[in-house]
Number of protein chains: 2
Amino acid sequence: MFKKLDPLLHSELRLAVMSVLLGLKEADFNYIKEQTQATAGNLSVQLDKLAQAGYISVEKGFEGKRPKTTCRITPAGIQAFENYVESLKDYIKR
Amino acid sequence: MFKKLDPLLHSELRLAVMSVLLGLKEADFNYIKEQTQATAGNLSVQLDKLAQAGYISVEKGFEGKRPKTTCRITPAGIQAFENYVESLKDYIKR
DNA sequence: TAATTTGGTTTATATTATAAACTTATTTAT
DNA sequence: ATAAATAAGTTTATAATATAAACCAAATTA
């Protein structure tokens with residue numbers, strides 16, 4: 001009846017992160033932070049979890065002398081997101 | 001950008017409960033338990049939270065000699081559910 | 001009358017989410 | 001030159017949540 005919701009995606013911030021990344025080829029830490037209105041600490045933790053799950057890739061580099069963290073959604077991430085949305089329909093369809 | 005998701009509804013079990021109740025005039029504890037595949041303890045706790053929030057009403061009565069808990073969604077609950085679904089669209093629309 | 005079932009509630013634990021505090025390096029101002 | 005402020009995150013501590021296990025009372029069945 002009700003499909004299980006992927007707990008990694010059923011989180012307000014992580015879902016917002018995935019939503020931001022879906023629309024884009026890549027996005028850096030601060031852009032995601034602005035779009036999601038997250039605190040840096042919270043975002044850092046949640047990006048780690050998404051990366052651990054293989055839903056995003058995180059690349060740490062530099063822009064000039066400043067560190068720059070760039071994130072991309074992976075094919076597995078896209079698939080997981082689609083599954084999540086599909087599962088959600090059980091809950092919200094009328 | 002991303003609307004805040006009502007934390008009372010952004011919970012797998014509570015959302016499933018609301019989803020069940022939306023389709024029905026009323027439902028008793030065990031029916032909801034079956035539909036959602038929840039344990040009794042978990043369901044009891046989550047029904048309390050929904051009732052505290054005024055999203056459902058819970059009526060404890062008897063059927064014959066056996067206790068029977070009947071739940072109904074309230075107008076506030078319907079409104080909250082609709083708001084939640086509307087907010088979700090920010091996150092899942094492509 | 002002892003064991004089992006029904007219909008739950010309460011309590012304890014594990015997991016999560018989140019913010020606050022901290023770190024390291026870079027600019028900017030004095 | 002050096003002190004203060006800013007940038008870009010990470011780590012750690014705390015609060016909130018979800019969940020199952022343990023429990024309880026009444027009714028039914030063996």
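By convention in this document, chain letters (A, B, ...) are assigned in the order of the sequence lines, proteins followed by strands, and residues within each chain are numbered from 1. The model shown is predicted, which means the values in this text are computed figures rather than measured ones.
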Novice: Please determine whether a side-chain nitrogen of the Lys or Arg among A:R66 and A:E63 lies less than 4.0 Å from a carboxylate oxygen of the Asp or Glu.
Specialist: no
Novice: Restricting to side-chain contact (heavy atoms from CB on, under 4.5 Å), what partner residues turn up for A:K65, sequence neighbours left out?
Specialist: none
Novice: If you walk 5' to 3' along DNA chain D, what is the first nucleotide with an atom under 4.0 Å of a heavy atom in chain B, and what is the last?
Specialist: D:dA18 to D:dT28
Novice: List the residues meeting side-chain hydrogen bond (donor to acceptor under 3.5 Å, both in side chains) with A:E26, not counting sequence neighbours, and say none if there are none.
Specialist: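 A:E26 satisfies side-chain hydrogen bond (donor to acceptor under 3.5 Å, both in side chains) with A:R72 only.
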Novice: Atom CG of B:N42 and atom P of C:dT15: how far apart are they, to the nearest Å?
Specialist: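 In whole Å, C:dT15 P and B:N42 CG are 15 Å from each other.
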Novice: In whole angstroms, how far is the C1' atom of C:dT9 from the NZ atom of B:K49?
Specialist: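 Spelled out: NZ on B:K49 to C1' on C:dT9 is 14 Å.
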Novice: Using 0.5 Å steps for rounding, measure from the NZ atom of A:K60 to the CG atom of A:D28.
Specialist: 12.0 Å
Novice: Looking at DNA chain C, which of residues 23-30 of chain A put a heavy atom within less than 4.0 Å of it?
Specialist: none
Novice: Nearest-Å distance, CG (A:L47) to P (C:dA17)?
Specialist: 13 Å
Novice: How many whole angstroms separate atom CG of B:L43 from atom C1' of C:dG8?
Specialist: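 Between C1' of C:dG8 and CG of B:L43: 10 Å.
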Novice: Roughly how many Å is it from CD1 in B:I32 to P in C:dT9, rounded to a whole number?
Specialist: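 Distance, rounded to whole Å: 12 Å.
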Novice: Which residue, A:H10 or B:V45, contacts DNA chain C at a nucleotide closer to its 5' end, judged by nearest heavy atom?
Specialist: B:V45
Novice: For residues 16-25 of chain A, please give each side-chain donor-acceptor pair under 3.5 Å, one per line with the distance, not counting sequence neighbours.
Specialist:
unit_1 : atom_1 : unit_2 : atom_2 : d
A:S19  : OG     : B:Y91  : O      : 3.0

Novice: Using modelled atom types only, decide if a donor and an acceptor are shared between the side chain of A:Q35 and the backbone of B:M1 within a distance under 3.5 Å.
Specialist: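 Side chain of A:Q35 to backbone of B:M1: no pair is present.
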Novice: Mind listing the residues from residues 56-73 of chain A sitting with a heavy atom below 4.0 Å of DNA chain D? Number order is fine.
Specialist: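 Correct list: A:K60, A:R66, A:P67, A:K68, A:T69.
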Novice: Whole angstroms only, please: what is the CD-C1' distance between B:E34 and C:dG7?
Specialist: 13 Å
Novice: Just jot down the ring-ring contact (aromatic ring centres under 6.0 Å, His included) partners of B:F29, sequence neighbours excluded, or say none.
Specialist: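 Expected list: none.
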Novice: Quick one: is A:S11 getting a side-chain N or O under 4.0 Å of the C:dA17 phosphate, OP1 or OP2?
Specialist: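 True: A:S11 side-chain N/O within range (under 4.0 Å) of C:dA17 OP1/OP2.
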Novice: Name all residues meeting the salt bridge (charged side-chain N to carboxylate O under 4.0 Å, His left out) criterion together with A:K3; count only those two or more places apart in sequence or in a different chain, and write none if there are none.
Specialist: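 In terms of salt bridge (charged side-chain N to carboxylate O under 4.0 Å, His left out), with neighbours along the sequence ignored, A:K3 is linked to A:D90.
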Novice: In whole angstroms, how far is the C1' atom of C:dT18 from the NZ atom of B:K4?
Specialist: 11 Å
Novice: In chain order, what residues pass the ring-ring contact (aromatic ring centres under 6.0 Å, His included) check against A:Y55, with sequence neighbours excluded?
Specialist: none
Novice: Ignoring hydrogens and angles, write down the donor-acceptor pairs under 3.5 Å from the side chains of residues 43-53 of chain A, residues two or more places apart or on other chains.
Specialist:
unit_1 : atom_1 : unit_2 : atom_2 : d
A:Q46  : OE1    : A:R14  : NH1    : 2.5
A:Q46  : NE2    : A:N42  : OD1    : 3.1

Novice: Base, sugar-phosphate, or nothing: which does B:K33 touch, judged by heavy atoms less than 4.0 Å apart?
Specialist: nothing
Novice: Please collect all salt bridge (charged side-chain N to carboxylate O under 4.0 Å, His left out) contacts where either partner lies in residues 32-43 of chain B, sequence neighbours excluded, each pair once.
Specialist: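 Counting only pairs at least two positions apart or across chains, no salt bridge (charged side-chain N to carboxylate O under 4.0 Å, His left out) contact touches residues 32-43 of chain B.
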Novice: Quick one: list whatever passes side-chain contact (heavy atoms from CB on, under 4.5 Å) with A:Q37, sequence neighbours left out.
Specialist: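 Once residues adjacent in sequence are excluded, A:Q37 has no partner under the side-chain contact (heavy atoms from CB on, under 4.5 Å) criterion.
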Novice: When the distance from CD of A:Q52 to P of C:dT16 is rounded to whole Å, what number comes out?
Specialist: 13 Å
Novice: Looking at every strand, decide which applies to A:Q46 at a 4.0 Å heavy-atom threshold: base, sugar-phosphate, or nothing.
Specialist: base
